[in-house]
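Since the structure comes first, as structure tokens, the remarks are kept for the end.
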Amino acid sequence: MAKNGKYEPRPEHKFTFGMWTVGSLGRDPFGDAVREPLSPPERVDLLGEVGAWGVNFHDNDLVPIDATPAERDQIVRDFKKACERNHIVVPMATVNLFFHPVFRDGAFTANDPEVRAYALQKTMRAMDLGAELGAKVFVLWAGRDGVETDGCRRADVAVQRARDAINYLCEYNADKKYGFKLALEAKPNEPRSDIYFPTTGHYLALIPTLDHPEMVGVNPEVAHERMAGLNFMHGVAQAWDAGKLFHIDLNDQEPGRFDQDLRFGSNNPKSAFWLVKFLEEVGYEGARHFDAHAYRTEDYEGVKDFARGCMRTYLILKEKAEQWNADKEIRQILKQIEAETDAIPPAIKYSREAAAALLGYSFDKAAIAKKRLPYERLDQITIDILLGVR
Ligand code: GCO
Ligand code: MN
Ligand code: MN
């Protein structure tokens, strides 16, 4: 196990990695693999060595798309053994609906009904596999469900097809008594020019229109919301408020770039800080899943550095959040800016009388506008804490 002192990962931190993350060969659209492939058990060994709690996989990270049933069973047996010897659990499973050319026009929203049916079949089999390995969350990221030209289908037809597919999979989940929480993962673009349901907010709006809204939540990813130029923590907070934060994909990303999948907190540690602070304060109990890749310049020692770095940064930021909350000056400022007053009529719960009182009240706007809001100081203390000088 990694010796990180007080920032050493422990099982209760629930740190997980995708098989595809530490198993990434470093391919990109311009360059071929820079690392030799590791078998699934070797990837689990690597995660055991760095001190992760869990591993997640796409169906085909584990079982090749054309494997025979006998091959599948052998692979699953070897994988289970590797998980047991490393004390690694499988909290989440997912399905690859983007790699094979059959999905070049999408999966659930493709125009060809045969592709849509195949996507359902492949997803049901991936759910079988996930359930067999003990996963409780099933992520759906339909990364090819999008367009280059909107001439190919009306966008509301795509929404209806996605809804039909999710409804179908919820029935399968219920029928098989798998008890999966389905977590929908949004991304604005890449690999398609535009992907349907581009942000977590779009999925949050779809969920109440499903047949089984209680089974379905979201899996927001830092990089995806930042590609869309959004404040990630705000989207996470809205998902949390809706009771829909079923999973989370942690990594980092500079807005306006290709999908970078950087080590958690490495690009914008301040945003990562607000996120960790939020997750810890509200008591999010799901996995802290890192969906990121080591730099293409690294070998597998570097991949371990990358994985350790993701967890270490999370734990450092968690400690910084505690320091922030305990800081006397910060507490003083928060008390000042959140101060309640009895002087005004109650303005939360509506009643005819309360509304009449509010309508009749006269506000001293000039005095209100002069109240101090020392946000510059508040933010500089935050920076001092983050930069380690406070
Ligand atoms: C990406 C996505 C994927 C998904 C994964 C789970 O940008 O490639 O984030 O890594 O999270 O496919 O379904
Ligand atoms: Mn991603
Ligand atoms: Mn992801």
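As the structure lists them, so they are numbered: ligands from 1, and atoms in each ligand from 1.
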**OP:** Determine, step by step, whether Asn267 and Gln260 satisfy the side chain to side chain donor-acceptor pair (under 3.5 Å) criterion, reporting the C-alpha distance in whole Å, the side-chain angles of both residues, the deciding distance to 0.1 Å, and the verdict.
**Re:** CA-CA 10 Å; Asn267 188 68; Gln260 294 174 302; 5.4 Å; no
**OP:** Could you walk me through whether Phe57 and Phe79 pass the ring pair (Phe, Tyr, Trp, His ring centres under 6.0 Å) test, one step at a time?
**Re:** CA-CA 11 Å; Phe57 57 81; Phe79 179 73; 5.7 Å; yes
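Between Tyr314 and Phe290, the two ring planes are perpendicular [angle over 60°; tilted spans 30° to 60°]. In this structure, Tyr118 and Phe103 have parallel ring planes: the angle between them is below the 30° cut-off, well short of the 60° mark. In this structure, His13 and Phe15 have tilted ring planes: the angle between them lies in the 30° to 60° band.
At the top of the distance list for atom 12 (O) of ligand 1, counting protein heavy atoms only, stands His58 NE2, 2.5 Å. In this structure, atom 10 (O) of ligand 1 lies nearest to the protein heavy atom Asp291 OD2, 2.8 Å. Of the protein's non-hydrogen atoms, the one nearest atom 13 (O) of ligand 1 is Thr94 OG1, 2.9 Å. For atom 2 (C) of ligand 1, the closest non-hydrogen atom on the protein side is Glu185 OE2, 3.5 Å. Scanning the protein for heavy atoms near atom 7 (O) of ligand 1, the closest one is Lys187 NZ, 2.8 Å.
If you look at Leu140 next to ligand 1, there are no close heavy atoms at all, none under 4.0 Å. Contacts between Asn96 and ligand 1 below 4.0 angstrom, taking non-hydrogen atoms only, are absent altogether.
At least one N, O or S atom of Glu221 sits under 2.8 Å from the Mn ion (ligand 2).
Ligand 1 has no N or O atom lying under 3.5 Å from any N or O atom of Asn219, backbone or side chain. Of the N or O atoms in Asp261, none lie within a sub-3.5 Å distance of an N or O in ligand 1.
A salt bridge does not link Arg263 with Asp305: none of the charged nitrogens is closer than 4.0 Å to a carboxylate oxygen. Using a 4.0 Å cut-off between a side-chain N of Lys or Arg and a carboxylate O of Asp or Glu, Arg377 and Asp384 do not qualify as a salt bridge. Between Lys181 and Glu214 there is no salt bridge, since no side-chain nitrogen of the basic residue lies less than 4.0 Å from a carboxylate oxygen of the acidic one.
Atoms of ligand 1 found under 4.0 Å from any heavy atom of His224 (numbered from 1 in listed order, with element): 1 (C), 2 (C), 7 (O), 9 (O). Under a 4.0 Å criterion applied to the non-hydrogen atoms of Trp20, ligand 1 contributes the atoms 5 (C), 10 (O). Contact atoms of ligand 1 toward Asp259: 7 (O) (distance under 4.0 Å to a heavy atom of the residue). Heavy-atom contacts of Phe98 reach the following atoms of ligand 1: 12 (O) (cutoff under 4.0 Å). Proximity to Asp249 (heavy-atom distance under 4.0 Å) selects the following atoms of ligand 1: 11 (O).
No side-chain donor-acceptor contact under 3.5 Å links Asn167 and Glu171.
Closest approach between the Mn ion (ligand 3) and any N/O/S atom of Glu185 involves OE2. The Mn ion (ligand 3) lies closest to atom OD2 when only the N/O/S atoms of Asp249 are considered. Within Asp291, OD2 is the N, O or S atom that lies nearest to the Mn ion (ligand 3).
Annotation: Phe98 is in aromatic contact with Trp141 [ring centroid separation under 6.0 Å]. Close placement of the His289 and Trp20 rings is indicated, their centers lying within 6.0 Å of each other.
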